[in-house]
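I have placed the structure first, in the form of structure tokens, so that the comments after it can refer back to it.
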Amino acid sequence: MRKEQLRKLRKLYATPAMMKKAGMDVPKLVERKNQWRKEDLYQYKYGIYLRCQVLQGILKVAFFLVEEMRLGLNKPVYELFINKETGEFITWDVKHEKWRNAKVDMLDWPEYTYYSGRYINPEGNRNIKRYLKTEVGGYKGILEYQQNVRKEELKKKYKRETEPWDLEMDKVPDLPKDWIHWVDKHAIRDHFIFYEYSRKGATEGYCTWCERTVPIKNPKHNQYGTCRCCGRKIQYKARGKAGNIWTDRETAYLIQRCEDGFVIRMFRCRKHLQKGNYEHTDVGVEEIRRVIYNKWFYGMAYVWDLYKQDHMRWIGNGKSYYSWYYNYEGAIYKRTLASLAKAELKRTGLAEMAKDVERFDPEEYVEGWKQHPQYEQFAKAGLGQLIIEGMHDRRSTINTCNAIKDLAKSLGIDKARMKRLRENRGGDIYLEWLRREKAMDTIIPDEVIRYFSENQIRPKNLKLMLTRMSERKICNYLKKQKNLTGRRPLELISDWEDYMLIANRLKIDTRIEKNYKPKNLKAAHDEVVSMCGGQDIARRAGEIAEKFPDIDRIHAEIKEKYEYEGKKYSIVVPERIEDIIQEGKILGHCLHSSDRYFDRIQRRETYIVFLRKTAELDKPYYTLEIEPDGATRQKRTVGDNQNADFEEAKSFIRRWQQAIQKRLTEEDIKLAQISRKLRVEEFDELRKGKNKVWHGKLAGKLLVDVLEADLMEVEKAAVS
């Protein structure tokens with residue numbers, strides 16, 4: 001439509017009848033509630049008046065506002081032009097003198113028009129219906145027509161995007177004739193035997209996999225068993241109790257030739273069995289994803305989804321994904337693979353993988369194979385489980401293999417063990433045990449390795465146990481302990497490691513079988529933990545003792561030399577590592593969590609002693625870090641602080657420093673000189689690094705300033 005010609009068309013003004021009707025329309029004040037507040041507004045019977053004519057094949061509609069008409073104005077606010085032949089429409093905004101492409105509902109209208117009606121005389125209403133060929137006339141008929149025009153415009157716009165997708169989807173072959181039957185029998189794993197309950201015990205039932213009556217013995221409702229005819233795992237269902245049954249959702253894959261490449265089709269499926277008619281099953285199959293690969297294995301993915309919030313269709317979703325995190329394992333239809341294996345899939349090993357592994361994601365396999373071509377060799381060697389683990393863990397053995405000539409050698413095993421790996425469908429853990437077996441020049445029974453693999457037990461998990469028992473004995477021991485305690489094998493191994501660590505701390509001889517192999521591991525573990533003040537303390541003490549084995553002995557040696565008792569205060573030397581950890585936990589400072597202090601004790605650079613009130617020797621008060629001559633490096637109480645009450649204890653520490661000087665040996669003096677030198681060097685480094693305290697009352701201060709203020713060296717007068 002030419003805008004210049006539209007402006008020349010006859011002007012439409014409000015008729016006298018319309019003006020009279022508007023003048024008689026008195027507004028009403030109404031209260032309207034919304035979710036935020038109440039508001040008063042004016043409402044007319046008709047807020048908008050319409051007048052229309054067909055001029056030179058164009059439908060022209062004039063829109064008038066009631067409030068302007070009541071003031072005597074008969075000019076329209078908008079003039080709408082519609083060309084039915086071309087499907088065009090455009091609006092002239094009279095007030096602002098500009099063209100608008102919006103639909104009538106998107107034009108700027110006063111608020112009262114939204115709560116008022118629209119008026120057009122009967123003749124105009126018929127003209128609109130006749131011209132636009134809509135079921136209704138007036139404002140609604142115009143809006144309906146404009147909405148249909150917009151939909152058609154969107155369809156044309158979207159067609160440019162969807163047409164290439166549709167052309168690709170046309171290449172996808174039809175489903176195999178036996179597809180639904182295959183899904184029912186192989187993709188869906190839930191199968192049942194329905195039987196009539198009898199006090200004497202039912203002797204026959206209907207197997208959904210066999211699709212016939214089969215013999216059964218002593219069935220129980222919801223109990224799992226095996227069908228005597230087909231050998232499938234089934235679940236018994238008493239007909240009187242079963243009700244309607246929906247199986248779990250399963251994933252199924254169909255791989256077909258698609259022009260010069262192939263397509264991987266992903267389906268979600270489940271089965272419905274209706275009460276009273278279990279012999280008939282309703283199999284629901286929904287295709288949700290397609291990936292079309294060309295001959296260069298470049299894949300384009302399509303998903304069945306809601307398009308533009310309008311309708312369901314196949315939507316191009318870009319490149320194929322390769323996820324290390326999501327698991328879409330499913331059954332694969334194998335009857336199309338034989339021909340594909342000779343051509344399109346020849347170099348991938350995908351067909352061989354499908355024969356070896358019952359359920360996996362073929363799309364993930366193809367994308368993994370593109371990154372790791374060795375997948376083909378592993379698949380053709382029957383090592384599908386290694387590939388499955390490789391697809392889910394990029395650090396897996398198969399992904400770290402380089403160019404492979406001798407597959408067994410590249411895996412660190414020989415051909416005989418390679419055969420066992422294949423026959424047992426072993427993965428990474430199974431392979432680790434075979435490597436250990438080869439390195440130790442021994443034989444570990446397959447059933448033992450299978451048990452370890454099923455329970456995720458690697459050789460490193462049994463590092464301690466293998467020093468005392470064989471793999472078979474460990475396996476049998478774990479089985480017995482699981483039956484006894486109900487704990488998982490990995491949890492039992494963790495308990496056993498804790499037990500051994502703590503038992504060694506308690507000087508229990510763990511070389512004796514009854515000690516390293518207690519009859520009830522959990523009970524033995526709990527007993528030694530309680531003896532050490534709790535599991536956290538016991539474990540931490542064991543770790544420290546393993547790193548710094550002389551600490552307990554050192555404290556025993558210095559106990560008599562450094563302990564001192566006064567009327568109000570006393571110095572106590574801890575007897576065990578556990579005492580230091582307990583002190584740190586109660587006072588809430590970092591002593592027990594840092595290896596730095598234990599390393600200093602091991603090297604005899606400093607020692608840890610406790611300042612206690614004589615009347616409360618068992619109650620933690622202050623923890624002191626001292627040098628061999630009694631110089632006090634640090635003194636901390638609750639929250640790693642030093643409170644005002646310590647000023648009173650300073651004179652006691654001075655007396656203690658003087659008292660122990662007589663007990664020091666020449667070796668102690670030499671150790672003190674070394675300690676002093678190391679302390680000065682440490683302070684210099686801290687000053688250069690400008691290290692600050694980040695927490696507590698001293699936050700923001702230089703650490704070296706805090707440590708220097710904390711230092712109480714031995715006075716020279718005391719030494720002389």
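- Across all non-hydrogen atoms, the minimal contact from K561 to D668 is NZ-OD2, 2.6 Å.
- Considering only heavy atoms from C-beta on, S396 stays 4.5 Å or farther from L386 through its side chain.
- A heavy-atom distance below 4.5 Å is not found between the side chains of D446 and Y451.
- For residues 461-501, no pair satisfies ring pair (Phe, Tyr, Trp, His ring centres under 6.0 Å), with sequence neighbours left out.
- Partners of S453 by side-chain contact (heavy atoms from CB on, under 4.5 Å), not counting sequence neighbours, listed by chain and number: I429, Y430, I449.
- Put simply, the side chain of D356 gets close to the backbone of G384: a donor and an acceptor are under 3.5 Å apart.
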For a salt bridge (Lys or Arg N to Asp or Glu O under 4.0 Å) check, start with the C-alpha distance between D526 and K522, then their side-chain angles and the critical distance, and finish with the verdict. CA-CA 6 Å; D526 293 345; K522 182 68 170 61; 2.8 Å; yes

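- For F452, the ring pair (Phe, Tyr, Trp, His ring centres under 6.0 Å) criterion is met by W433, not counting sequence neighbours.
- Counting heavy atoms of neighbouring residues, nucleotides and ligands inside a 6.0 Å radius, atom CZ of R511 does not exceed 12 of them.
- In terms of the ring pair (Phe, Tyr, Trp, His ring centres under 6.0 Å) criterion, F548 has no residue partners (sequence neighbours excluded).
- Among pairs with a residue in residues 461-474, those fulfilling salt bridge (charged side-chain N to carboxylate O under 4.0 Å, His left out) read R436-E471, E447-R472, at least two apart in sequence or across chains.
- Residues passing the side-chain hydrogen bond (donor to acceptor under 3.5 Å, both in side chains) test with N455: none are found, sequence neighbours excluded.
- The one candidate from E358, E250, E329 that meets the salt bridge (charged side-chain N to carboxylate O under 4.0 Å, His left out) condition with R189 is E250.
- With a 6.0 Å cutoff to the six-membered ring centre and a 45° limit on the axis angle, K547 does not count as a cation-pi contact of F598.
- The ring pair (Phe, Tyr, Trp, His ring centres under 6.0 Å) search around Y562 returns Y607, not counting sequence neighbours.
- Identified under the salt bridge (charged side-chain N to carboxylate O under 4.0 Å, His left out) test for residues 600-617, with sequence neighbours left out: E557-R604, E583-R612, D599-R603, R600-E625, R600-E682, R603-E605, E605-R633.
- Proximity of a side-chain donor or acceptor of D428 to a complementary backbone N or O of T397 within less than 3.5 Å is detected.
- Residues forming a side-chain contact (heavy atoms from CB on, under 4.5 Å) with D579 (at least two apart in sequence, or on another chain): P574, E575, R576, F610.
- For K233, the side-chain contact (heavy atoms from CB on, under 4.5 Å) partners two or more places apart in sequence, or in a different chain, are Y224.
- For R676, the side-chain contact (heavy atoms from CB on, under 4.5 Å) criterion is met by E627, D629, Q673, R679, E713, not counting sequence neighbours.
- Classified by interplanar angle (parallel below 30°, tilted 30° to 60°, perpendicular above 60°), the ring pair Y375/Y365 is tilted.
- The two atoms that bring E437 and T442 nearest to each other are CG-O, 2.7 Å, heavy atoms only.
- In this view, F360 satisfies the ring pair (Phe, Tyr, Trp, His ring centres under 6.0 Å) rule with no residue, not counting sequence neighbours.
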